[in-house]
Amino acid sequence: PHMVRRRRTVLALLLGLLCTALTVALPLPVAERLGLGVRSLHAAPQPTASAGPTREVVILYTNDFHSALDPIAAYWLPSQPRMGGAAALAGYVNRFRAANDTTFLFDAGDMFTGVVSHLTGGEALMEMMRAMRYDAMAIGNHEFDYGAPAFERQMARVPMPVLGANIFYKGTRHRYSRPYVILERNDVRVAVLGVIGADARSAVLPEGIAELDFDEPAAALADRKSVV
């Protein structure tokens, strides 16, 4: 039997929070230059008498992409070579997927801002995420650069879940977006909870979030009903 049972949920990642470093499958200098985070998890099964091989789960994530679709000058290196960009990122993601079919790709917020984002109202970034088959996205402060109604329209155009467990319409307990999603791949279940940081109001133009209220992140995480 598989080491991972269908009904067993692995809490793999809390988007928008700092992640504890586990096994890194991509050389760190390369991953950092691409803005790609890699976490390799071993799903812990319930003990059985006839246990099979351990199942490895690979978590890939991006954050603060900021519309960097083209390679940019690596100013921290002496020769400042041009590095990164969406094409290079997609290539590395595809390599991980080819090596392990239990691979998940997430974004922890701030896809928006930058020239291409401003020219398209963020649409180009959402289309990039659709093309790269992201599994889920957490909402960051820059997703409100063009206002909460505009981002609501962008959420509706992508198949992946866009998550914000502590964002509500002003004066209500009606959620602005989905709080969490449970994904299943190859008998592995992964719960993903999106939380925006407590400084969201100070990092966004007031008119962009005038229609919203934000709970404290700790309260959203403590509310276990959000992930049941």
Side-chain angles (χ1 to χ4, degrees), residues 8-22 35 37 39 41 57 59-67 104-114 117-118 121-123 125-126 129-130 134-184 189-228:
R8 184 174 179 81
T9 299
V10 181
L11 290 176
L13 179 68
L14 297 178
L15 293 177
L17 301 180
L18 294 176
C19 299
T20 302
L22 301 173
R39 300 291 180 260
L41 306 176
V57 180
I59 304 295
L60 305 177
Y61 66 93
T62 53
N63 61 276
D64 296 273
F65 190 76
H66 291 170
S67 195
F104 297 88
L105 176 61
F106 303 123
D107 183 76
D110 282 2
M111 269 283 168
F112 287 11
T113 206
S117 179
H118 289 310
E123 181 177 333
L125 283 305
M126 302 303 277
M129 297 179 77
R130 178 204 292 267
Y134 272 76
D135 291 297
M137 173 191 186
I139 299 172
N141 59 283
H142 278 297
E143 272 66 71
F144 298 117
D145 281 0
Y146 318 113
F151 186 63
E152 191 170 359
R153 292 191 294 272
Q154 294 299 336
M155 286 193 287
R157 66 180 296 117
V158 294
M160 65 191 180
V162 180
L163 310 175
N166 59 332
I167 308 174
F168 299 86
Y169 288 101
K170 182 171 285 295
T172 76
R173 299 307 292 171
H174 181 61
R175 295 186 184 276
Y176 174 74
S177 66
R178 293 177 62 172
Y180 73 95
V181 64
I182 297 178
L183 304 170
E184 184 168 349
R189 301 181 75 203
V190 179
V192 187
L193 176 69
V195 179
I196 193 168
D199 61 348
R201 282 194 175 278
S202 62
V204 183
L205 292 174
E207 57 268 27
I209 55 173
E211 305 162 5
L212 301 178
D213 286 329
F214 298 85
D215 279 2
E216 288 296 318
L221 296 174
D223 180 8
R224 294 188 179 272
K225 291 183 294 183
S226 294
V227 292
V228 170

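Starting from 1, each residue takes its place in the sequence as its number.
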Worksheet item: Is any side-chain heavy atom of L205 less than 4.5 Å from a side-chain heavy atom of F144?
Response: no

Worksheet item: Is the distance between the ring centroids of H118 and F112 less than 6.0 Å?
Response: no

Item to complete: State, with a plain yes or no, whether a side-chain heavy atom of M129 is found less than 4.5 Å away from one of F65.
Response: no

Worksheet entry | Backbone of A165 reached by a side-chain donor or acceptor of R175 within 3.5 Å | yes

Worksheet item: Hey, does the side chain of D64 reach the backbone of D110 with a donor-acceptor pair shorter than 3.5 angstrom?
Response: no

Discussion item. Quick one, H142 and F151 - any side-chain contact, counting heavy atoms below 4.5 Å?
Written reply: no

Worksheet item: How long is the gap from CD1 on I196 to CD1 on I209, to the nearest 0.5 Å?
Response: 8.0 Å

Worksheet item: Do side-chain atoms of E207 reach the backbone of G147 as a donor and acceptor pair under 3.5 angstrom?
Response: no

Worksheet item: Taking N141 for the side chain and A203 for the main chain, is one N or O donor matched with an acceptor at less than 3.5 Å?
Response: yes

Practice prompt. Using a strict cut-off of less than 4.0 Å between a Lys/Arg side-chain nitrogen and an Asp/Glu carboxylate oxygen, indicate whether R173 and D215 qualify as a salt bridge.
Written response: yes

Fill in: Flag, side chain of Y146 to backbone of S117, donor-acceptor distance under 3.5 Å
yes

Response to the item:
Those residues at least two apart in sequence (or on a different chain) that pass ring-ring contact (aromatic ring centres under 6.0 Å, His included) with F168 are none

